[in-house]
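Structure first, commentary second.
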Amino acid sequence: MSYESAKAAFADWGVDTETALERLKTIPISMHCWQGDDVVGFEQATGTSGGGIQATGNHPGRARTPDELRADLEFAYSMIPGKHRLNLHAMYLDTDATPDRDEIEYQHFAPWVDWAKEQGIKLDFNPTFFAHAKADDNLTLSHPEAGIRDFWIEHGKRCRDIAAHMGKALGSPCVNNIWVPDGYKDTPIDRMSARSRLEVSLDAMMAKTHDRTEMLDAVESKLFGIGVEACTVGSHEFYLGYAIRKGTLLCLDMGHFHPTENIADKLSAVALSVDEILLHVSRPMRWDSDHVILLNDDILQMAQELVSAELLWRTHIGLDFFDATISRTAAWVIGTRNMQKALLRALLMPLDQLKTAEDQLDFTTRLTLTEEFKDLPFGAVWSEFSARENVPNGRALITELDRYQATVSGRN
Ligand code: RNT
Ligand code: ZN
């Protein structure tokens, strides 16, 4: 179907496709660097594995150096319409030096900022509280030993400074997201002390005030992880309370709740108490498995809530998945485009009509509308968007993804 016919089909329902496309172009998605190398990072001396987050698979093409990762990212961005962001983890430093986590400085990340400037993208950041000998017990900021807590507090402080520096250099606030793996394999006896220690450590880490135009603190909750099945210290209730009391962003990762919970439903509830939200859009399959996101109901509902509740301007959309059984660059491209497609669908909904029906308790019309709307030519509007942004679709996209994958599959 031509774009003109699609435009007319939506106009018939009172929906302007041009307004939707203009809006979509302005929504950045923060693409996570760690899909490119299976969450390994570039530390040459201090890194270990762990933290209960695992990429599985051995598809060829894992990025082994910052240059390889940047080349892969450049390719991925060229297949995604619009201008986006990069979400870096502290373990992705780019330097010949081997600073430990409590020694990292801005200079170790400066090449990323130079590259981001060249590419016209903005950066987000994360301290790395896992994959390190001092995190082997799955306890960091809540560790009973003060020495271990202090080590991680220092890491966190340095990351906030680095993030603020990045935000200032790029002229866009850098979201610095804190996720710690802390928890217990089996039922703990003293949850209160662990949570109190986490609270005190977070306070110490975040004592310094940063300009909100440079850096924004976010905290990420979790229900459980591999190795911490019985108790996660930084649970949802813990961080929800913390974020409200301290004025930080709350990060909702779609894989961090019970599989039957609807994360889209949480947005409006949380948004009444916290100013800004960070999303880790992900696809848990039975557990926090971090599969590449599909254009499925979970993502569609998430996008619909962001649009319907007018939360886009105070929500930072980040992605969090890692699959090493498929082309890593394709994973980024497919997942990021799916988030955009979901947003486009939400922007093309006849929201006024739906809200009116709901207010009148006319649930029949609400249901008829949502279901009839599924037949509208969303694909033609997406094709127009990608064509305007010089990005391929369909078979042409597959050709490009294959072509690039062939250039990296010799890596081992
Ligand atoms: C872990 C969290 C966290 C990580 C990244 C790498 O369960 O989701 O966001 O995936 O920090
Ligand atoms: Zn996450």
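Quantities reported herein were computed from a predicted structural model and do not represent experimental measurements. Indexing begins at 1, ligand by ligand and atom by atom, following the structure's order.
- A side-chain donor from one of Asp161 and His210 sits under 3.5 Å from a side-chain acceptor of the other.
- Side chain of Asn262 to main chain of Ala264: a donor-acceptor pair is present (N/O by atom type, distance under 3.5 Å, no hydrogens or angles).
- Distances below 4.0 Å separate heavy atoms of Asp288 from the following atoms of ligand 1: 7 (O).
- Side-chain N/O atoms of Asp100 and His132 include a donor and acceptor closer than 3.5 Å.
- Around the Zn ion (ligand 2), protein N, O or S atoms at less than 2.8 Å number 4.
- Side chains of Asp124 and Asn177: a donor-acceptor N/O pair is absent below 3.5 angstrom, by distance only.
- The two residues Thr325 and Gly57 make their nearest non-hydrogen contact at CG2-CA, 3.7 Å.
- Put simply, the side chain of Lys122 gets close to the backbone of Leu170: a donor and an acceptor are under 3.5 Å apart.
- For the residue pair Asp67 and Thr65, no side-chain donor N or O sits within less than 3.5 Å of a side-chain acceptor on the partner.
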Review point. Stepwise, does the side-chain hydrogen bond (donor to acceptor under 3.5 Å, both in side chains) test hold for Ser282 with His280?
Key: CA-CA 6 Å; Ser282 193; His280 273 188; over 6 Å; no
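- The protein non-hydrogen atom at the shortest distance from atom 4 (C) of ligand 1 is Asp320 OD2, 3.6 Å.
- Within ligand 1, counting atoms from 1 as listed, the ones closer than 4.0 Å to a heavy atom of Asp253 are 8 (O).
- The nearest protein atom to atom 7 (O) of ligand 1, hydrogens excluded, is given as Lys222 NZ, 2.6 Å; this is a heavy-atom distance.
- Contact annotation for Glu220 and ligand 1: only side-chain heavy atoms (C-beta onward) come within less than 4.0 Å of the ligand.
- Of the protein's non-hydrogen atoms, His89 NE2, 3.5 Å is the one closest to atom 5 (C) of ligand 1.
- Relative orientation of the Tyr77 and His84 rings is parallel, given thresholds of 30° and 60° on the angle between their planes.
- Listed by number with element, the atoms of ligand 1 under 4.0 Å from a non-hydrogen atom of His280 are 9 (O).
- Residue Asp72 is tested with Arg411, Arg328, Arg64 for a salt bridge (charged side-chain N to carboxylate O under 4.0 Å, His left out); the sole match is Arg411.
- In Thr128, neither the side chain nor the backbone holds a heavy atom less than 4.0 Å from any atom of ligand 1.
- Of all atoms in ligand 1, numbered sequentially from 1 with element shown, those under 4.0 Å from a heavy atom of His256 are 1 (C), 2 (C), 7 (O), 8 (O).
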